[in-house]
Amino acid sequence: MLKVHTVVVGSGAAGLNGAHRLSRYGVKDMILVTEDMKFGTSRNTGSDKQTYYKLSLSGSAPDSIRSLAQVLYDGGCVDGDHALCEAALSAQGFFKLMELGVPFPHDTYGEFVGYKTDHDPNDRGSSAGPYTSRYMTEALEEAVRQEGISICDHWQVIQILSDGEALYGILCLDTEKGNYILIRCTNLVYATGGPAGMYADSVYPASQFGSSGLAFEAGALGKNLTEWQYGLASLKPRWNVSGSYMQVLPRFVSTDKKGGDQREFLMDYYGTWEEMMDMVFLKGYQWPFDARKVSGGSSMIDLLVYRETCVKGRRVWLDYRTNPGGRQIDFQALSEEAKGYLRQGDACQDTPYERLCRLNGPAAAFYKEHGVDLKNQMLEVAVCAQHNNGGLSIDAWWQTNIKGFFAVGEVAGTHGICRPGGSALNAGQAGSARAAEFIGAHKDWERTWSQEKEKDFLSQAERRIAMGEEILKRWRAGNKKGLAQRWKAASEQMSRCGAMLRDREGMEQMVLEITGELEEMEGKRDKEYITTEQEETRQKALFYRYFDMRLCQKTYLAAMLDYMDHGGKSRGSAVYREEGQTGGGQIRIPGLTAFSLDGPDGRAHDHEVQEILYDREEKNCHIFWRKVRKLEDIPEPQAFESVWKAYREKQMYHV
């Protein structure tokens, strides 16, 4: 057993920033635990121009912390204190990254000129290019190593030990050596990212899994789990096809499983080629699926792609070699927005590939570097999960309802229905800074437990170790499906019924299946049954990830079903099938009446937050609804002297 004051789990931009700031705040009894320093979303993801959203830092247009906070808050289902903290710390986090070497561009006079991103009324976006988050991670890792912070690489968390009120520690599997490590700690900074493994159709890096299920099992509340971002992405490599990938007007092609029977399916819906191309162009600006942009909007494209892949079982490709319909494009017949943009960018060449090279050469080069030459090959795409706007419920210092357990980055549920593009990168930096400051201000705290409690926690850890080895042996002895097959089936089922399109019958059936499987996995352990034979470490690691993923799926599905029971309809990232009928919905997918849909709910629940508690004894979920913590209820700052006094006396930590 190790005993450490604070453990940071995760080596993405949020986790590394948290560790670095903890060290600067004087927390030296600390380690960083990660499955692999080179894994994770921050280091392995991007887009045609990955955005970092922050306070405006150029020009004469007015901006303020409160106005930025208002934009974040207006995303719906957002707590005002989180919006204000993320706005207030945005410049601090941005300048720290710049000082560490992240190449955010500025002009001759030092102004960090910005641009508008989605859901952004100001020019608050900045970018260091397609690999912004990678640059952030690399710079922060170097800063962490310079601090001399201990890094425990290839350690996978397989259990969070708590009594539902306070933290005891974590249990890890060393995935290289195969042994188990119990770490007792006062604080845990959880930076494990979103639950990337839940979906088969995913743009998360293949190395990213998430560990939200273990947090739910430990008693951490979930928040806004229904809210996601889904959008078009390539499958190999996994990459968002947003921005210029759509604006150059590629051809959308559907094929059978073997790549034959090509057809341009978008014209099943659109009346003219120009109308269809205008919507494809808008998809670049409006990349995330949005229920409000289906009827007469660009998000109908996402539903049409979903119909081809998840309902018809076909494959969908982007073809940059040939224009839609194999036709010469009459740019004059396009919308003013589309033709104006392409002409301004001098991107009216004969083929989509030529236009992409002119408009954004690095975007074309990216795929060639990853084995797909868009000049000569089609690119397979699907509607993929990209970001979870919900997550663990936290307070204004990013602490969960479990004392000592902090959640930062995507695993923290600070976003709501929609959010400005790039705000997630800022949220990770702001949240990890908040958690580190709080822990640093209370670094003398040390949690103690009774001998009886400690014995119970040790027993929990023993049962978790036994569970992995026993179930693997039982499944193998019974010649049941292998772990890889189970994972594939479970994630594909989630993509079909609990992603962008949500189907009650499918979700209910899935919950029943997961419940039965969890009961099998979590059944009573017979100590005499435990084998001393060592299963392969890789299989054990995969099993514990699978266990976490199934816990996670059950909790998320319970939230989605409760949202429907609460009167929630299609909004934001998802549309919900009608119940009890096959037609009459406000949104329709042509030729597929079984998937007619409810219409957007008009943001009826914008000021409510759904929270969910997984009961590990009953193996079910308890769900609560509350009003958001209002931004307008937070008073303006007091006079400087009052704030200074509260700061010196550490009164500001009492929120």
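- A donor and an acceptor atom, one from each side chain of Asp562 and Gln610, are located under 3.5 Å apart.
- A side-chain donor-acceptor contact under 3.5 Å links Lys223 to the backbone of Gly413.
- In summary, the side chains of Tyr131 and Thr45 do not present any donor paired with an acceptor at a separation below 3.5 Å, with no hydrogens or angles considered.
- The cationic atom of Lys116 (NZ for Lys, CZ for Arg) does not lie both less than 6.0 Å from the six-membered ring centre of Tyr285 and within 45° of the ring axis.
- Between atom CG of residue Asp615 and atom SG of residue Cys621 there is a gap of 9.0 Å, rounded to the nearest 0.5 Å.
- A 4.5 Å side-chain heavy-atom check between Leu518 and Phe547 finds at least one atom pair inside the cut-off.
- Within the 3.5 Å criterion, the main-chain N or O of Gly428 finds no donor-acceptor partner in the side chain of Asn17.
- Checking Ser298 against Gln286 by side-chain atom types alone, a donor-acceptor pair falls below 3.5 Å.
- With no hydrogens or angles considered, a side-chain donor-acceptor pair links Arg550 and Gln553 at under 3.5 Å.
- Residue Asp79 is tested with Lys627, Arg626, Lys630 for a salt bridge (Lys or Arg N to Asp or Glu O under 4.0 Å); the sole match is Arg626.
- The CE atom of Met510 sits 11.0 Å away from atom CG of Leu561, with the distance rounded to the nearest 0.5 Å.
- Looking at Phe289 and Leu232, their side chains never come closer than 4.5 Å, going by heavy atoms from C-beta outward.
- Panel note: side chain Asn389, backbone Gly416; a donor-acceptor pair is recorded below 3.5 Å.
- In this model, a donor atom of one side chain and an acceptor atom of the other lie less than 3.5 Å apart for Gln247 and Tyr341.
- With respect to Asp565 and Arg504, a salt bridge is recorded, a charged nitrogen being found less than 4.0 Å from a carboxylate O.
- Side chain to side chain, Tyr53 and Asp120 meet the donor-acceptor criterion of an N or O pair below 3.5 Å.
- In this structure, Glu410 and Asn388 approach most closely via the heavy-atom pair OE2-N, 2.7 Å.
- For the pair Arg434 and Trp398, the cation does not sit on the ring face, since its NZ or CZ is not both under 6.0 Å from the ring centre and inside 45° of the axis.
- The closest side-chain heavy-atom distance from Glu35 to Ser11 is not below 4.5 Å.
- Residues Arg571 and Asp290 are not paired through a salt bridge, judged by the lack of any N-O separation under 4.0 Å between the basic side chain and the carboxylate.
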